Chemist: 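One structure, pasted below without further comment.
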Amino acid sequence: MITVIAIAKDGSIVEPKLDEISFEDYRLIWIDCYDPKDEELYKLSKKIGISVSDLQIGLDEQEIPRVEEDEDFYLIIYKAPLFEEDITTTSLGIYIKNNLLLTIHSDKIKAIGRLHKLISTKKPRIVFERGIGFLLYHILNEITRSYSRILMNLEDELEELEDKLLAGYDREVMEKILGLRKTLVYFHKSLIANRDVLVLLKRKYLPITTKEDRENFEDLYYDTLQLIDMSATYREVLTSMMDITLSLENIKMNQIMKILTMVTTIFAVPMWITGIYGMNFSYLPLANNPQGFWLVMALMVVIIMIFVYIFRRSGWI
Amino acid sequence: MITVIAIAKDGSIVEPKLDEISFEDYRLIWIDCYDPKDEELYKLSKKIGISVSDLQIGLDEQEIPRVEEDEDFYLIIYKAPLFEEDITTTSLGIYIKNNLLLTIHSDKIKAIGRLHKLISTKKPRIVFERGIGFLLYHILNEITRSYSRILMNLEDELEELEDKLLAGYDREVMEKILGLRKTLVYFHKSLIANRDVLVLLKRKYLPITTKEDRENFEDLYYDTLQLIDMSATYREVLTSMMDITLSLENIKMNQIMKILTMVTTIFAVPMWITGIYGMNFSYLPLANNPQGFWLVMALMVVIIMIFVYIFRRSGWI
Amino acid sequence: MITVIAIAKDGSIVEPKLDEISFEDYRLIWIDCYDPKDEELYKLSKKIGISVSDLQIGLDEQEIPRVEEDEDFYLIIYKAPLFEEDITTTSLGIYIKNNLLLTIHSDKIKAIGRLHKLISTKKPRIVFERGIGFLLYHILNEITRSYSRILMNLEDELEELEDKLLAGYDREVMEKILGLRKTLVYFHKSLIANRDVLVLLKRKYLPITTKEDRENFEDLYYDTLQLIDMSATYREVLTSMMDITLSLENIKMNQIMKILTMVTTIFAVPMWITGIYGMNFSYLPLANNPQGFWLVMALMVVIIMIFVYIFRRSGWI
Amino acid sequence: MITVIAIAKDGSIVEPKLDEISFEDYRLIWIDCYDPKDEELYKLSKKIGISVSDLQIGLDEQEIPRVEEDEDFYLIIYKAPLFEEDITTTSLGIYIKNNLLLTIHSDKIKAIGRLHKLISTKKPRIVFERGIGFLLYHILNEITRSYSRILMNLEDELEELEDKLLAGYDREVMEKILGLRKTLVYFHKSLIANRDVLVLLKRKYLPITTKEDRENFEDLYYDTLQLIDMSATYREVLTSMMDITLSLENIKMNQIMKILTMVTTIFAVPMWITGIYGMNFSYLPLANNPQGFWLVMALMVVIIMIFVYIFRRSGWI
Amino acid sequence: MITVIAIAKDGSIVEPKLDEISFEDYRLIWIDCYDPKDEELYKLSKKIGISVSDLQIGLDEQEIPRVEEDEDFYLIIYKAPLFEEDITTTSLGIYIKNNLLLTIHSDKIKAIGRLHKLISTKKPRIVFERGIGFLLYHILNEITRSYSRILMNLEDELEELEDKLLAGYDREVMEKILGLRKTLVYFHKSLIANRDVLVLLKRKYLPITTKEDRENFEDLYYDTLQLIDMSATYREVLTSMMDITLSLENIKMNQIMKILTMVTTIFAVPMWITGIYGMNFSYLPLANNPQGFWLVMALMVVIIMIFVYIFRRSGWI
């Protein structure tokens with residue numbers, strides 16, 4: 001799907017069709033291309049003069065974030081979070097050529113959608129008027145805020161998990177931890193790669209960015225550092241939680257086994273005694289004594305009490 | 001809440017209202033702004049000429065420690081310990097502009113409170129007289145001493161935990177370890193970030209610091225290194241303790257299972273014998289023999305003694 | 001086995017015998033030598049003027065990837081994946097001398113085979129026409145795509161494993177994980193070593209590569225980085241899975257032990273009671289009471305229900 | 001406690017009182033100050049002209065090893081092993097000012113004591129005659145030999161532990177491992193910090209050291225590297241031992257559980273059969289048959305033998 | 001023990017006694033000194049003019065590999081594998097002074113022995129004729145091949161261990177893994193230290209080495225890199241194996257416990273029923289019914305079958 005937003009020479013924000021665009025008519029054009037069909041990609045390539053094979057780099061979900069300076073365009077690969085079953089990340093290709101900024105991606109990226117919607121409904125001139133570097137900053141900023149939002153939620157989830165863990169722990173908590181760890185592994189790697197892109201952008205690398213843009217990228221750089229720090233901290237906390245759960249499970253197991261052992265031990269001798277008096281010998285001591293039953297009962301109760309006392313003294317009960 | 005302490009031209013220490021300050025009347029002004037309401041922040045921004053968005057950076061609890069040199073002010077972000085349910089850390093923003101030092105934070109920081117109280121009650125000229133770099137040093141020093149105090153307590157807790165662990169270990173110890181590890185994760189990250197700030201401050205970076213200030217920052221730098229070292233050591237010790245507890249739990253489990261297995265094994269054959277003699281056959285060997293009961297009893301006791309002997313020889317008892 | 005493919009001066013692609021080659025007759029010659037016998041190696045050495053001991057370096061499966069500049073030839077050692085029982089890697093030696101490119105390897109490398117087949121069947125001039133650097137790029141590219149293909153499959157296997165793990169986990173899953181971890185260990189090391197080779201090739205090191213070749217190597221370099229990143233991520237995910245499985249096993253064990261303990265505990269007292277009433281005393285209370293049996297039965301059922309209630313309240317059932 | 005040893009102008013070694021010293025009378029003075037009272041510290045400070053606050057740095061047990069060049073003295077902080085309940089480390093402050101070397105420490109350091117005793121009893125001129133750098137070398141060397149001695153003992157303990165571990169493992173071994181790991185954590189950190197001090201000393205940093213001294217420090221540097229290497233190796237070996245013990249415990253547990261399961265399983269059916277024949281039915285098959293008892297006994301023995309055979313075939317016995 | 005091999009001016013290889021040597025008579029002398037007695041060391045020291053304390057550095061088994069340039073000799077410390085109970089490493093001191101190469105070591109080093117034997121039996125001129133650098137290369141090469149040989153064996157052992165592990169795992173496997181891990185820890189450290197020595201030797205450091213020697217050292221350097229790589233890979237594989245075994249043990253334990261729980265659960269109710277009918281009440285329902293026995297038997301069998309069905313459906317059997 002290809003959508004176009006542009007600012008005309010007169011400052012009005014319009015959404016022309018791709019076919020109808022002539023680049024000179026606009027001050028700035030943002031083309032967003034999401035999961036394009038082959039013919040769409042071909043058409044786009046022809047229109048903007050970037051080869052299909054170059055465009056396909058931006059569609060590869062695994063591409064490494066970087067800034068590439070080609071002959072007549074810049075290519076920025078950036079990692080964005082992806083909300084699917086598990087939260088993972090995908091690569092986004094950003095091509096800048098003259099007054100054109102093209103974002104291309106094979107997965108739906110929420111941050112792009114949000115910014116696009118904002119511009120097409122509120123038509124804020126400001127995003128477009130300050131030039132292509134400022135638009136780029138807005139896109140990257142929106143993505144960074146996506147990470148930030150997810151990590152904030154994650155902190156709440158962690159707190160909740162910890163409470164659940166100590167209260168009494170169950171399978172679902174483990175599965176949750178597994179999911180969170182995977183998310184953090186992907187996030188950590190993506191954020192570190194994005195940081196390297198931002199380092200380049202904040203130093204006066206691209207002629208398309210103004211000094212003000214670079215200051216914005218610097219802020220974004222610190223935000224990303226902060227997110228990296230958060231994700232590292234959360235990972236360590238998760239690891240601690242895993243270790244603790246293993247120990248807690250062991251403690252529980254010990255308690256279960258103690259109960260089993262106590263029950264078995266306490267009744268072992270009394271059961272043997274009942275067994276003895278259940279034997280069909282013609283002569284059994286005390287068997288015909290009218291007090292015999294009560295004597296043996298008393299003996300068994302005493303034995304049970306002795307064992308209960310021993311276990312209590314050993315701290316098992 | 002905004003509180004102001006200033007030293008007047010005549011050397012007296014006063015606490016003016018924010019509205020009444022004119023900066024030229026004082027040699028040095030320290031404004032502390034804790035969890036400000038929106039209108040307070042706005043008023044402050046207007047008074048001191050630093051934009052609200054710049055001030056909000058100082059209020060973000062997750063901000064990365066750093067030194068930023070802006071056009072007409074310096075911003076230092078520093079991590080301070082935070083005493084809440086668990087001991088974590090928060091960010092503190094310090095703005096320096098001419099003869100004004102502004103500390104801004106969204107969480108209550110004990111070190112700031114302590115220093116503030118000290119100045120407002122004892123009115124010690126010394127902190128203020130040596131200039132703004134010396135005041136900055138005093139604030140950072142007080143924060144570093146907060147870390148130091150907590151880590152000292154932590155060492156005692158560790159010793160105590162270890163004793164508890166070896167004596168007989170329980171759930172609360174595990175929860176304690178989980179809490180301590182989390183605290184150390186946060187501390188380690190914060191201290192390393194603070195160290196980077198101090199590296200900048202001890203090298204002649206800011207024109208606001210004198211040579212003497214920089215020597216003070218160097219001392220602070222070594223104190224922070226020492227704290228980092230301590231926190232790293234404590235983390236390793238905690239990890240060792242976790243590993244050990246897992247093994248100790250396993251050893252205990254083994255002992256519990258040994259008891260269970262012994263009891264079950266020792267009584268298995270005697271119980272079978274009583275079962276055999278409990279069967280209602282018209283003919284049971286020895287059943288009518290008057291010595292029968294004693295013979296079978298003797299057999300059972302011998303079997304029990306053999307098993308006890310076997311277990312003792314195997315080192316189970 | 002030695003196979004030769006060459007492009008003649010007239011641009012036709014031919015497959016001459018090794019013995020019949022005179023190097024001046026061809027524009028470019030690719031000799032592939034797989035697991036050569038001693039006489040083959042000797043013959044090859046004599047023909048191309050590279051000593052047998054130098055050629056044997058390329059046959060060592062453990063050789064470290066690198067670029068070596070010898071007096072009259074270049075030697076590139078590169079790691080390629082090897083499909084055997086477990087997926088490991090092997091070393092490939094590439095010798096470049098004038099218009100000759102020699103690949104030598106003691107294990108069968110699929111990527112080489114695939115490229116060789118492609119050239120000998122489709123006879124594409126393009127691979128040969130752009131010079132020896134371009135042929136080298138094609139060989140390394142084919143190898144990199146082998147890694148890529150295996151890692152893609154691996155991701156699917158990982159997803160599958162995770163489902164199996166959570167659904168109910170078994171020995172085969174563990175063995176699978178062990179195998180995958182080993183594969184990733186070998187891949188990670190090989191890819192990092194290959195990356196170092198590509199760093200050299202992409203910088204203008206070898207006079208045999210054109211500017212275009214170096215750009216191709218740069219693309220290959222980024223592809224390799226991407227693969228390294230993937231393999232690192234997969235390893236972390238595998239480690240998480242291992243940790244989770246240990247915990248899941250423990251949870252299962254706890255549940256098994258709970259059942260055992262419950263069964264033992266619930267029936268302990270009722271069994272004792274039946275034992276008591278099985279004793280052969282002449283006097284047993286209630287024994288002759290016609291309601292005696294039902295009273296005792298009721299008592300036992302009540303006891304069982306009390307224990308069931310206790311276990312249910314404790315959350316065991 | 002303050003003790004003084006000095007070499008007079010005439011080469012004789014004397015032990016003057018602190019109060020009576022005039023620095024010009026001696027060629028070289030070594031003052032050792034151990035856990036000084038406040039008044040001692042004050043007196044010392046006045047005598048040697050180094051401020052109390054500077055001296056207190058040397059008394060802080062946690063101080064980071066380093067070399068500090070102050071206006072009129074040098075301060076070297078060095079870590080020494082401390083023999084208490086567990087073997088940890090403490091900081092030692094060494095102040096060098098003209099012909100005075102002051103060692104100050106709040107814990108008793110054996111190496112210092114040993115060197116002091118050696119000098120006061122054997123009165124070896126050599127230590128003193130070659131200047132203050134040589135005395136410094138001797139002190140640091142004695143400390144390094146303390147580490148060395150402890151680590152050598154540790155190796156023996158490790159060997160012993162390993163034997164115990166494989167022979168049959170017990171609580172005390174675990175506690176021993178915990179202690180050793182803690183010792184190694186402290187040693188590793190201390191030795192790395194000391195190494196950094198020696199790097200400075202072996203490069204021509206201090207004007208107080210001669211070329212020969214620096215060569216001595218270089219030897220000490222290599223000795224320290226060797227100790228770091230040893231401690232790292234021992235830590236890895238300890239970690240391996242911990243991992244192994246966990247597995248060995250599990251193996252033992254499995255064996256215990258196998259016994260329990262076998263006993264329970266083997267007797268389950270025979271016990272049921274005795275139960276069946278213990279039931280008080282007026283009609284029991286075979287009950288009145290004179291061979292009945294022997295038939296049922298034979299059945300039970302056969303069942304037991306079948307189970308024993310099954311378990312043996314499964315490799316449990 | 002001191003053995004001498006030398007090449008005379010006329011090119012013949014001889015084995016003179018140490019006492020009879022005059023250094024000018026030979027082109028090159030190799031003295032090997034293994035575990036010397038004090039008088040031997042003293043004699044050697046006097047003969048070759050290197051102090052005893054310098055020679056003792058070479059005898060220290062823990063010495064760090066390095067190259068030392070002394071006034072009139074070179075000292076190279078190198079780590080060699082040592083075949084004792086466990087395979088560890090020892091230090092070897094190599095002293096080079098004019099036309100003398102002295103190897104000194106307190107443990108028996110196989111590689112030295114092998115080279116010595118080769119020279120004394122085959123008397124190959126080549127080793128000696130190319131100068132002292134070439135002899136040094138031969139010694140280091142022989143040591144490197146020792147490592148290589150051991151690591152190759154280790155790979156086979158690893159394969160074997162893995163098979164044993166999956167087939168059914170036992171104590172001896174664990175002890176084997178512990179041994180292998182220790183060996184790899186020592187090897188890894190030694191190889192890394194040796195690599196640093198080779199880095200120095202391959203760069204034109206020593207005037208005693210020719211350009212050809214340095215190329216040989218470069219080859220040795222790559223061989224050592226390869227060995228480091230192998231040892232790192234093996235260690236990771238061992239760690240994976242350890243983790244897997246822990247999980248496999250747990251799986252086995254679960255299966256054992258399942259059997260125990262099933263047996264106990266299946267027979268709990270039937271045993272209770274036999275207990276009930278074993279009670280000596282004058283009135284037992286069905287007791288006098290001739291079908292009573294068969295009805296109760298049928299009930300018990302049905303209960304057993306229900307439980308077996310439940311366990312089967314739960315996947316326990």
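Predicted model, so just to flag it, every value in this text is computed and none were measured. Chain letters run A, B, ... following the sequence lines, proteins first, then strands; residues in each count from 1.
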Chemist: Checking an interface table here. Which of residues 258-273 of chain A come within a heavy-atom distance under 4.5 Å of chain B?
Modeler: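 Residues A/K258, A/L260, A/T261, A/T264, A/T265, A/A268, A/V269, A/M271, A/W272 are the ones that qualify, each having a heavy atom under 4.5 Å from chain B.
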Chemist: Within the 4.5 Å heavy-atom criterion, are A/Y222 and B/E68 side-chain neighbours or not?
Modeler: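 Yes; the side chains approach each other to less than 4.5 Å.
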Chemist: Using every non-hydrogen atom in the two residues, find where B/E249 and A/N254 come nearest and quote the distance to one decimal.
Modeler: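 Looks like OE1-ND2, 2.8 Å.
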Chemist: Applying side chain to side chain contact (heavy atoms under 4.5 Å, CB included), run through A/V237 and B/R181 and close with a yes or a no.
Modeler: CA-CA 8 Å; A/V237 171; B/R181 267 181 83 161; over 6 Å; no
Chemist: Applying a heavy-atom distance below 4.5 Å, give me the residues of residues 149-158 of chain A that approach chain B, sorted by number.
Modeler: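 So far as heavy atoms go, A/E155 are the residues that approach chain B to under 4.5 Å.
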Chemist: Side chain, backbone, both or neither: which part of B/N280 has a heavy atom under 4.5 Å from chain A?
Modeler: both
Chemist: Strictly less than 4.5 Å between heavy atoms, which residues of residues 283-296 of chain A line up against chain B? Please order them by number.
Modeler: A/Y283, A/L284, A/P285
Chemist: Select one option (side chain, backbone, both, neither) describing which atoms of B/I77 are under 4.5 Å from chain A's heavy atoms.
Modeler: neither
Chemist: Step by step, work out the salt bridge (charged side-chain N to carboxylate O under 4.0 Å, His left out) result for B/K182 and A/E162.
Modeler: CA-CA 12 Å; B/K182 271 182 59 184; A/E162 198 176 315; 3.1 Å; yes
Chemist: Between chain A and each of B/D243, B/T239, B/V185, count heavy-atom pairs under 4.5 Å; write down the option with the most.
Modeler: B/V185
Chemist: If you measure from CD1 on B/I177 to OG on A/S240, what distance do you get to the nearest 0.5 Å?
Modeler: 10.5 Å
Chemist: Could you tell me the separation between the CE atom of B/M253 and the CE atom of A/M257, rounded to the nearest 0.5 Å?
Modeler: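 If I round to the nearest 0.5 Å, the distance is 6.5 Å.
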Chemist: Between B/Y186 and chain A, which part of the residue has a heavy atom less than 4.5 Å away: side chain, backbone, both or neither?
Modeler: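 When you check distances to chain A, only side chain atoms of B/Y186 fall under 4.5 Å.
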Chemist: Quick one: list whatever passes side-chain contact (heavy atoms from CB on, under 4.5 Å) with B/T90, sequence neighbours left out.
Modeler: B/E61, B/L82, B/D107, B/I109
Chemist: Check A/I276 against B/M300 and note the closest heavy-atom contact, atom names and distance.
Modeler: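 That would be CG1-CE, 3.8 Å.
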Chemist: List the atom of A/M279, the atom of B/T274, and the distance in Å for their closest heavy-atom pair.
Modeler: CG-O, 3.6 Å
